[in-house]
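Working notes, structure below.
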Amino acid sequence: METSQAVQPHIAILPSPGMGHLIPLAELAKNLVSRHSFSVTFIIPSDANTSHLQAQKSFLQALPDSISCVFLPPISFTDLPDDTKIESRISLSVNRSIPHLRRTLSTLHESGTRLSALVVDILGVFALDVAREFSIPPYIFFFSNAMALSLVLHLPELDEVTACEYKDLLEPVRLPGCVPLKGKDLPDHFQDRANEAYKFALEKCKKYQVAEGIIVNSFLELEPGTFKALKDEGWCRVPVYAIGPMIQTGSGSNSSSDCLKWLDDQPDASVLYVSFGSGGTLSHDQLIELAVGLEMSGQRFCWVVKSPDEKASNAAFFSVQSVADPLDFLPRGFLERTKKRGLVVSSWAPQNRVLAHRATGGFLTHCGWNSCLDGITNGVPLIAWPLFAEQRMNAALLTEGLKVSLRVEANENGIVDRKQIAGLVQKLIGGEENIGNKMRVLKDAAAEAWSKIGSSEKALGELVHKWIQV
Ligand code: UDP
């Protein structure tokens, strides 16, 4: 549905920090601007981390002209204890920016800008009330899947009926229409119920009903049972729009030529692409084990390496780039020994172009939802190696639900050992036929969802229709 009307509809988008949060929202903005003649203003909360801000700025500057940006003044985290969980830090960076958001909305209002919607992501739900203050319809962009949405909506009830920590549950958590979930696969910040991050999550769940709608980056055909249950069983009182997969288009990187040129020289479906997203990091021991495992597998690989971090699996989340040179942490002689069949890239690769390349035959992923969608859209079978946030749930969906993935298992020391890594890589690249076939079916379904009569195209059309009427 193309839009034609005199006044250009205008929406504002408030993303929480993190490239994985910004990328799908930027795709939504690009779609609205190019196909429906919208104007979009990004309102960007920022912390004092300049490298993170720089990464966001260069990304946003590359967007089309009808997408403008307002950077809110930086907020401070100096009062937070060192062990504050990443989910709390991200939510707080939005919460603490609310006075600045209010001023920006007020300035836009005074300049005559009429906003049809304020779209916030799931870590910024406290901003929904601010939109209401200005009579702007607020929407949530749920950057994960329908199963994670179902969990969030069920959390208050789950909290009430559960006496122990979720990881100690003897029976799986059964969400309507979803694959049964082991308690230990629930998100990281749900695993210590006395922690502030969990209490914060519970508080946020109650905010969902303030929204006019929830936009989910998944598609009906991927999670039919879950979407049906959300609609039919009354768990969600606000409309849900499944508009996925919204994945990054364009290169998004200047290191593209190296990677893609190298892939050009490799046989079809022979390379395992290895990446832990924009923020995922491994311990040094685990990094060594992965290197040796890849070497032992004898398969080709293209590995985006980040410097190790002993304390956090999400250490690069706010910075994206590794601070030290990641290649310095690889086993001695590794690069030389594997140079005929391996490429190691520091910190960032043009992921979607790598996955779309005919030489890529598998993807070892940390299961960030955008990466899962990247894999599905390109029909690349997966090895799931979840690290943090809701990634273990995503791994369960991919492995046990959709059956398009193999999954690593850590030993009693929390390490995924070299033998297991080598075995899984051989199995995947060696042609796990079932997984490959199932992934091809999902790839077609993803393309179909965005066809003229597809489910996601229709859902976005409904949203656009609502927004042009405001
Ligand atoms: N990405 C990329 N190159 C990289 C790593 C990540 O282009 O080397 C992109 C990827 O396509 C995805 C996003 O960054 O859009 C990562 O989001 P995801 O949800 O997978 O994980 P997060 O970074 O939020 O942990």
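One-based numbering, in listed order, for ligands and for the atoms of each. Numbering of residues begins at 1 and proceeds along the displayed sequence.
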Proximity to ligand 1 by part of [X], non-hydrogen separation under 4.0 Å:
| X | value |
| --- | --- |
| Asn370 | both |
| Trp348 | both |
| Gln248 | side chain |

Numbered atoms of ligand 1 (with element) below 4.0 Å of [X], judged on heavy atoms:
| X | result |
| --- | --- |
| Trp369 | 19 (O) |
| Ala349 | 2 (C), 3 (N), 4 (C), 7 (O), 8 (O) |
| Ser371 | 18 (P), 20 (O) |

*Is Lys57 positioned over the aromatic face of Phe71, cation under 6.0 angstrom from the ring centre and no more than 45 degrees off axis?*
yes
_Is Gly280 close enough to touch ligand 1? Criterion: a residue heavy atom under 4.0 Å from a ligand atom._
no
*asked:* Tell me whether Met19 reaches ligand 1 (any heavy atom closer than 4.0 angstrom to a ligand atom).
replied: no
*Does anything in residues 372-391 pair up under side-chain hydrogen bond (donor to acceptor under 3.5 Å, both in side chains), and if so which pairs, sequence neighbours excluded?*
Ser144-Glu390, Gln351-Asp374, Asn352-Asp374, Asn352-Asn378, Glu390-Asn394
*Roughly how far, to the nearest 0.5 Å, is the CD1 atom of Ile11 from the CD1 atom of Ile67?*
9.5 Å
Counting both backbone and side chain atoms, is some N or O of [X] under 3.5 Å from an N or O of ligand 1?
| X | answer |
| --- | --- |
| Ser275 | no |
| Phe388 | no |
| His21 | no |

_For atom 16 (C) of ligand 1, which of the options Gly20, Ser144, Gly18 provides the nearest non-hydrogen atom?_
Gly20
*Among Ile23, Asp374, Thr365, whose heavy atom sits nearest atom 14 (O) of ligand 1?*
Ile23
*Before accepting this row, confirm whether a basic side-chain N of the pair Lys458/Glu462 lies closer than 4.0 Å to the acidic partner's carboxylate O.*
yes
Which class fits the ring pair [X] and [Y]: parallel under 30°, tilted 30 to 60°, perpendicular over 60°?
| X | Y | value |
| --- | --- | --- |
| His366 | Phe388 | tilted |
| His21 | Phe143 | parallel |
| Phe126 | Phe200 | parallel |

*Would a distance-only check, ignoring hydrogens and angles, find a side-chain to backbone donor-acceptor pair under 3.5 Å from Lys403 to Glu400?*
yes
_Among Leu282, Asp188, Thr365, which residue satisfies the side-chain contact (heavy atoms from CB on, under 4.5 Å) criterion with Leu387?_
Leu282
